[in-house]
4 protein chains.
Amino acid sequence: MVGRSEESRQAILHSTLTLLGVGESEGTTIQRLTVEAIAKHAGVSKATIYRWWGTKAAVVIDAFASEYVRHTPVRDDLPFEEALREHVLSVVRQYAGPDGRLVAQLVAESQYDSAALQEFHDRFWTARRTAAITLVRRGMDEGVVRSDVDAGMLANLVYAPVYLRLLLHDGELTDDFAALVAELALAGIRVR
Amino acid sequence: MVGRSEESRQAILHSTLTLLGVGESEGTTIQRLTVEAIAKHAGVSKATIYRWWGTKAAVVIDAFASEYVRHTPVRDDLPFEEALREHVLSVVRQYAGPDGRLVAQLVAESQYDSAALQEFHDRFWTARRTAAITLVRRGMDEGVVRSDVDAGMLANLVYAPVYLRLLLHDGELTDDFAALVAELALAGIRVR
Amino acid sequence: MVGRSEESRQAILHSTLTLLGVGESEGTTIQRLTVEAIAKHAGVSKATIYRWWGTKAAVVIDAFASEYVRHTPVRDDLPFEEALREHVLSVVRQYAGPDGRLVAQLVAESQYDSAALQEFHDRFWTARRTAAITLVRRGMDEGVVRSDVDAGMLANLVYAPVYLRLLLHDGELTDDFAALVAELALAGIRVR
Amino acid sequence: MVGRSEESRQAILHSTLTLLGVGESEGTTIQRLTVEAIAKHAGVSKATIYRWWGTKAAVVIDAFASEYVRHTPVRDDLPFEEALREHVLSVVRQYAGPDGRLVAQLVAESQYDSAALQEFHDRFWTARRTAAITLVRRGMDEGVVRSDVDAGMLANLVYAPVYLRLLLHDGELTDDFAALVAELALAGIRVR
DNA sequence: CGATAAACGAGACGGTACGTCTGGTCTTGTG
DNA sequence: CACAAGACCAGACGTACCGTCTCGTTTATCG
């Protein structure tokens, strides 16, 4: 057995990101991106892409995940509420840039492609939420956060408004917005 | 001038809904729906569709808006908190059915088509939010809801988790979920 | 109803002949000729070609037939035997050039594509043979040719060696060859 | 040095014949037959095939020649004319079956592949013709056949109509046809 | 008898063309 | 003069083979 070419794999993923203009503010959308263009840019045969991924969305998710999941870490050294504010801020800032546009498009693809949805869950959503859930649990342990509700549900209170604004283009993703989201979430989950 | 044929307009919008299987749980997605199929089913020329709408998404939005925006009214006769719970429940219930799938797809289209986004805002999102905002304002007047934050922002606290679950397929849209969302939103916006 | 574009039809057939290098001694073979190349050269969509022809071979036959069936007439003014020699000579001379190569390739296509075979029969073979059969009948009427055998069979005696040499590249198609073929055919069909 | 694997060679040639359905009336055509299919069926690597043959046509010719050239012998014990009739009959009968279809396809391949043409000449055509030429020479020696014309040319008078019918599907290859061909050829080559 | 070099199977790879599909435009004739 | 009918160009789709090219792995002489 010989196995797949790591070189081609890298070239494909890298070309995908380049064409999507991740990092820059230029670039196409996932929809307009063609498998043919990826193949050409990567110096690779279309068949090679279809052999390993099968779907344009799969390539994009793989490419995005493999290099661009920025860590928006939760800080242990800060007090609970401050750590949460910090976290929300870092998430909002990431999504304010080109990464946000791409995530929005991945969610769009997920509406039509259940495999893409699955991948999106596994590679992005779960990872992201885990950070918040951990934090919420810490708040529970410290007795600051109500513990009669599922931690995941509480974590969503943080992300939901961010994703809403991202997907519905319902306002800018500013630092002020981040602060407000954090404040309201805290109000909703705090023990009274 | 002869003016556009109302008959054709109706046939096109109706065919669009039929093919999308709105109402039933069958039907294609917006992506798989083709303009050619609409034209054929409506007994209409493709040119006629393009003359008046210009985009597949525009047709779908028009069709969906013209017949399927269910009223999820806000009740004046109930106490504030109860009215909110009621409203959230009605929204969740609508999105749990086939309408939800279609709304999700419209959001997906909006990621690629800014005209569709605009239409979505004007025909669905604003209308929906207005209901919640009115309600929140009532709460403010009654002194139950904090009035130091934009009412729109507070209203979003209600919708955000619903849309998140709808778009990310992050759990079922059940009555229990609606109750929980209402409760957490209330906790977040209540005057303390 | 609007009907097909004569302009496209002409462009397609003409491009086909150009690419095959009919007339010149250059040019591809039918096998190497691609539908994509025809489309590009003709400034036409591939779909248009497939709409009307369905097969590469069909396009080639149509193109070749519509412009390149040279008349290799049978002369009435010459004595029977001389007319036959003349006819064989004109056929051999045509097949010695680029037309011969193309006819050979059409026969090749016919081994795999029964529709092409049918077309070849109808557009080339029958037309060609009719000339010879008419002549043979004249010979029968004049009492020079044996009439106890099917005229078509006798006509084939003229063409068979020519096609054999064309298809098996079993020697050059020279004037001398033509004379010899005519002579042997006459020997075979003459009344004794 | 180790040398090529006779086992593989046999497997490849045998698989080729099997897939082409020689013997049976089933089977693909040479065109539809793929090297990949041969390799898979023979349990052999594609590279092995290309190492030794270089061309699909070469494999087919080799396979066909190595096992399926039926002897259509010329009988010395019969009078000249009878021997000729016998020979034509045996050729026609062979070509009436599945072998004929395959020979026709080999001729087709030869229009595009000059190496295949060369092979076809060497392995089939020459062998076949030699039989007839020998016979014609015998006729010349006996003074029955005109000797002012090249013996090969006269031999072709026998084969040409058979190949014409085979390649142009211009009628069935029946015993009656064989008799007629023999008769006309004799008429053409007899001393008068 | 153990080294060595060929031939091998497996199958990934870059290419190229296939025939299909849809989008969006344009043309012609009818009501 | 808006319409249906539908042909048209453009170009991406996903598939199929091509012929080349690694890879380890036999396998059969030869040192």
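Just so you know, these numbers come straight off a predicted model, no measurement behind them. Each chain gets a letter, A, B and so on, in the order the sequences are listed, and its residues count up from 1.
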Could you walk me through whether D:L168 and C:F120 pass the side chain to side chain contact (heavy atoms under 4.5 Å, CB included) test, one step at a time? CA-CA 9 Å; D:L168 268 51; C:F120 181 80; 4.2 Å; yes

Pairing residues for D:R9 by the salt bridge (charged side-chain N to carboxylate O under 4.0 Å, His left out) criterion, not counting sequence neighbours: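 D:R9 satisfies salt bridge (charged side-chain N to carboxylate O under 4.0 Å, His left out) with D:E6, D:D62 once adjacent residues are dropped.
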
Partner set under salt bridge (charged side-chain N to carboxylate O under 4.0 Å, His left out) for B:E36, not counting sequence neighbours: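 Expected list: B:K46.
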
Please tell me which of A:R4 and C:Y50 maps to the more 5' nucleotide of DNA chain E, matching each residue to the nucleotide holding its nearest heavy atom.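 The answer here is A:R4.
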
What integer distance in Å separates [X]:[atom1] from [N]:[atom2]?
| X | N | atom1 | atom2 | result |
| --- | --- | --- | --- | --- |
| D:R51 | E:dA5 | CZ | C1' | 13 Å |
| B:Q31 | F:dA12 | CD | P | 17 Å |
| B:K56 | E:dG23 | NZ | C1' | 9 Å |
| B:D113 | E:dG23 | CG | C1' | 14 Å |
| D:L19 | F:dC17 | CG | P | 12 Å |
| A:I38 | E:dG14 | CD1 | P | 14 Å |

For [X], enumerate each residue passing the side chain to side chain donor-acceptor pair (under 3.5 Å) test, keeping only those at least two apart in sequence or located in another chain.
| X | result |
| --- | --- |
| A:T18 | none |
| A:T48 | none |
| A:H14 | none |

Would you say F:dC3 has OP1 or OP2 under 4.0 Å from some side-chain N or O of B:W52?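 Yes.
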
Between D:L33 and C:E36, which residue's closest nucleotide on DNA chain F lies nearer the 5′ terminus?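 Of the two residues, C:E36 wins.
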
Any side-chain hydrogen bond (donor to acceptor under 3.5 Å, both in side chains) involving residues 102-118 of chain D? Give me the pairs, sequence neighbours left out, ordered by first then second residue.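 Counting only pairs at least two positions apart or across chains, the side-chain hydrogen bond (donor to acceptor under 3.5 Å, both in side chains) contacts touching residues 102-118 of chain D are C:E109-D:Y112, C:Y112-D:E109, D:Q118-D:D122.
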
Close side-chain approach of B:V60 and B:L17, heavy atoms under 4.5 Å: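 Side chain of B:V60 against side chain of B:L17, heavy atoms only: no contact under 4.5 Å found.
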
What nucleic acid atoms does D:W53 come within less than 4.0 Å of, heavy atoms only: base, sugar-phosphate, or nothing?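 Counting heavy atoms under 4.0 Å across all strands, no contact is made by D:W53.
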
Give me the residues of residues 40-49 of chain C where at least one heavy atom lies under 4.0 Å from an atom of DNA chain E, by number, or none.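 Those residues whose heavy atoms fall under 4.0 Å from DNA chain E, taken from residues 40-49 of chain C in numerical order, are C:K46, C:A47.
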
Sorted by number, the residues of residues 7-16 of chain A with heavy-atom contact under 4.0 Å to DNA chain E: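 Contacts with DNA chain E under 4.0 Å: A:S8.
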
Side chain to side chain contact (heavy atoms under 4.5 Å, CB included) involving A:A11 - partner list, sequence neighbours excluded: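 With sequence neighbours excluded, A:A11 shows a side chain to side chain contact (heavy atoms under 4.5 Å, CB included) to A:A42, given in chain and number order.
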
